[in-house]
Amino acid sequence: MNILVITDKLIFGGAEMYFCKLENQLQDPNINFHFAAGSGELYEKIKHKNNFSEISRTKHVLNIKKLKEILIDKQIDLIHANSLRMVLYCIFIKKLTRKNFKIVYTKHNVTVLEEKSRFLFSYLLNKYVERIITVSDFEKFNLVKAGIKPNKITTVYNGVDLKQFVFHGKEKGEFFNVGILARLSEEKNHELFINIANKLRDIPNLMFYIAGDGPEYQKLNNLIRSQNLSHKVKMVGIVHNPEEFIKSMNLLLLTSYREVFPMVILEAMAVGTPIISINRGGIKEAIIENKTGFLINNHSVDDFCKKILYIESEEQVLNQCIVNARRKVEEDFSLDQMVSNTLQEYWKCN
């Protein structure tokens, strides 16, 4: 079987890292793998560059033409689309070539089409997509609710490379470091993180760190300065080794407006950094309240602050949570499991 795995771009992000993990790890003696993606800084993580083709991030007609050429040249039997845009590319290519290749779609986030026209969204997936991979049961439930045939959908959880994200016990130091690692974009709600830091500004041992880059960088930097928090909140920019940043934190926060199933929570659980997360999407499938992490139901500064102070003072609760979280990742969210379960989805199409 010949399989082509495609994604929009290789910028830092959960869906993009998922693509890189598949590119690095997929192996089967009976499958020839090929990959294609738009440009981005994650290109350096691509291992099999001889089987990789770069596509444009903006020129859609050109992309369809190039993918069509790959399809014919490599005799592709199945295309694994890592975004809805890539699914639409595949549908166009099917129409153009009349080739009977199968489409597998991994759904990472809420798409514009499903928000604007649920009927068209479900029609296209039901008619043209052979298998749909969701990264949480929460998202699987939403797709069934939207009218997608349940027998097409399988949850395959994101997987953590446990050799990269090695468990690291916490030692009590002079400072208690609270971090956030996310693209600096509006939906990640970094303003809430900064407001939490402002509320706790008078507690001397608490320090706050924002890791990542994106369109909101200058706005957030200005907000930190306007609240006179430069001594308390540090922006560290792009993190090329996320495991090192997460390991250096005593606590990680997730403050997003919406999420499906963010990779960073699993990475934090793997390295031994406890996490307080907003309760959105499928997050509660990994974070069990007071056992593997801590959940906040609303975007409340006060609720986050109370939980931070509780965790910082309750060392025994914290240590037990860290051990439980690592065990949960080993049992349910390993990279090996993700790759193995993804291969099973391919063979279901054969």
Side-chain angles (χ1 to χ4, degrees), residues 11-14 109 170 173 175-239 242-269 271-281 283-284 286-287 289 293-313 318 321 325:
I11 64 168
F12 279 102
N109 46 40
K170 297 296 176 194
F175 295 102
F176 191 86
N177 298 322
V178 181
I180 184 170
L181 174 58
R183 179 168 162 77
L184 305 186
S185 53
E186 187 177 356
E187 72 274 8
K188 298 300 182 181
N189 195 15
H190 289 81
E191 286 188 37
L192 175 59
F193 182 85
I194 294 169
N195 290 334
I196 292 165
N198 190 36
K199 178 89 173 177
L200 298 173
R201 66 188 302 147
D202 294 328
I203 300 177
N205 71 317
L206 289 183
M207 289 295 294
F208 294 81
Y209 295 87
I210 298 174
D213 198 7
E216 296 270 294
Y217 182 90
Q218 198 56 55
K219 177 183 174 182
L220 296 171
N221 200 26
N222 292 340
L223 182 60
I224 291 167
R225 289 180 180 177
S226 69
Q227 296 193 23
N228 295 316
L229 285 170
S230 297
H231 67 292
K232 198 75 174 173
V233 182
K234 307 294 181 184
M235 298 187 73
V236 301
I238 292 175
V239 171
E243 67 278 12
E244 294 301 324
F245 174 78
I246 296 171
K247 193 164 60 176
S248 69
M249 294 296 110
N250 297 97
L251 181 65
L252 213 69
L253 303 189
L254 192 76
T255 56
S256 309
Y257 286 117
R258 68 183 187 186
E259 287 285 357
V260 173
F261 196 79
M263 193 69 215
V264 70
I265 64 172
L266 302 180
E267 293 168 347
M269 290 166 66
V271 302
T273 297
I275 187 160
I276 303 175
S277 174
I278 192 71
N279 187 6
R280 292 292 181 273
I283 290 171
K284 62 185 176 185
I287 296 182
E289 175 64 15
F294 307 89
L295 295 170
I296 304 289
N297 289 322
N298 300 300
H299 293 93
S300 164
V301 171
D302 286 343
D303 288 352
F304 269 94
C305 289
K306 286 175 187 173
K307 193 68 79 172
I308 290 169
L309 295 176
Y310 167 75
I311 291 168
E312 194 270 338
S313 63
L318 189 63
C321 174

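Values in this document were obtained by computation on a predicted structure and should not be read as measured data.
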Contact between Glu243 and Glu267 at the side-chain level, heavy atoms closer than 4.5 Å - yes or no?
no
Give the intermediate values and the outcome of side chain to side chain contact (heavy atoms under 4.5 Å, CB included) for residues Thr273 and Leu251.
CA-CA 6 Å; Thr273 297; Leu251 181 65; 5.5 Å; no
Looking at CG of Asn205 and CZ of Phe176, how far apart are the two atoms once the value is rounded to the nearest 0.5 Å?
8.5 Å
Euclidean distance, Met269 CE relative to Ile275 CD1, rounded to 0.5 Å:
8.5 Å
Least distance between heavy atoms, Ser248 atom then Asn177 atom
O-ND2, 3.4 Å
Contacts of Ile238 meeting side chain to side chain contact (heavy atoms under 4.5 Å, CB included) (sequence neighbours excluded), chain-then-number -> Phe12, Asp213, His240
Which residues satisfy the ring-ring contact (aromatic ring centres under 6.0 Å, His included) test with Phe304, sequence neighbours excluded?
none
Identify, with sequence neighbours excluded, every residue that meets side chain to side chain contact (heavy atoms under 4.5 Å, CB included) alongside Glu191.
Asn189, Lys219, Leu220, Leu223
Closest heavy-atom contact between Phe261 and Ala286?
CZ-CB, 3.9 Å
Run the side chain to side chain donor-acceptor pair (under 3.5 Å) test against Ser277 and tell me which residues pass, sequence neighbours left out.
none
Partners of Asn195 by side chain to side chain contact (heavy atoms under 4.5 Å, CB included), sequence neighbours excluded?
Gln227, Val301
A side-chain contact here means heavy atoms from C-beta on lying under 4.5 Å apart; do Tyr257 and His299 qualify?
yes
Without swapping roles, check the side chain of Asn222 against the backbone of Gln218 for a donor-acceptor pair under 3.5 Å.
yes
Those residues that, when tested against Asn297, pass side chain to side chain donor-acceptor pair (under 3.5 Å) (two or more places apart)
Asn279
Closest non-hydrogen atom pair between Gly293 and Cys321, with its separation:
N-SG, 3.4 Å
Using only atom types and a distance under 3.5 Å, with no angle test, would you say the side chain of Arg201 pairs donor to acceptor with the backbone of Asn228?
yes
Euclidean distance, Glu186 CD relative to Glu216 CD, rounded to 0.5 Å:
5.5 Å
Steps toward side chain to side chain contact (heavy atoms under 4.5 Å, CB included) verdict (Ile210, His190):
CA-CA 8 Å; Ile210 298 174; His190 289 81; 3.8 Å; yes
Taking atom CD as the centre, does Glu289 end up with more than 12 heavy-atom neighbours from other residues, nucleotides or ligands that are less than 6.0 angstrom away?
yes
Arg183 side chain near Pro215 side chain, heavy-atom distance below 4.5 Å:
yes
With sequence neighbours left out, write down each residue that passes side chain to side chain donor-acceptor pair (under 3.5 Å) with Lys199, or none if nothing qualifies.
Asp302
So how far is it from Ile265 CD1 to Leu253 CG, rounded to the nearest 0.5 Å?
13.0 Å
Scanning both residues in full, the closest heavy-atom pair of Cys305 with Leu200 reads SG-CG, 3.7 Å
By side chain to side chain donor-acceptor pair (under 3.5 Å) - contacts of Lys232 (at least two apart):
none
Quick one: list whatever passes ring-ring contact (aromatic ring centres under 6.0 Å, His included) with Tyr217, sequence neighbours left out.
none
Pair listing, salt bridge (charged side-chain N to carboxylate O under 4.0 Å, His left out) test, anchored in residues 250-261, at least two apart:
Glu115-Arg258, Lys188-Glu259
Taking only residues two or more places apart in sequence or in another chain, which ones pass side chain to side chain contact (heavy atoms under 4.5 Å, CB included) with Ser230?
Ile224, Arg225
When rounded to the nearest 0.5 angstrom, what is the spacing between CD1 in Ile308 and CG in Leu206?
7.0 Å
Apply the test side chain to side chain contact (heavy atoms under 4.5 Å, CB included) to residues Met249 and Leu252: give CA-CA distance (whole Å), side-chain angles for both, the deciding distance (0.1 Å), then the verdict.
CA-CA 7 Å; Met249 294 296 110; Leu252 213 69; 4.1 Å; yes
If the threshold is 4.0 Å, N to carboxylate O, is there a salt bridge linking Lys307 and Glu312?
no
Quick one: ring pair (Phe, Tyr, Trp, His ring centres under 6.0 Å) pairs with a partner in residues 194-214, sequence neighbours left out?
Phe193-Phe208
Do you know which two heavy atoms are closest between Ile246 and Ala268, and how far apart they sit?
CG2-CA, 3.6 Å
Over all heavy atoms of both residues, which pair between Gly179 and Phe245 is shortest? Give the atoms and the distance, please.
CA-CZ, 4.3 Å
Measure the shortest side-chain to side-chain distance between Ile287 and Lys284 over non-hydrogen atoms and say whether it is less than 4.5 angstrom.
no
Gap between atom CZ of Phe294 and atom CG of Leu254 - 0.5 Å precision
15.0 Å
Do Ile196 and Val178 have side chains that approach each other closer than 4.5 Å (heavy atoms only, starting at C-beta)?
no
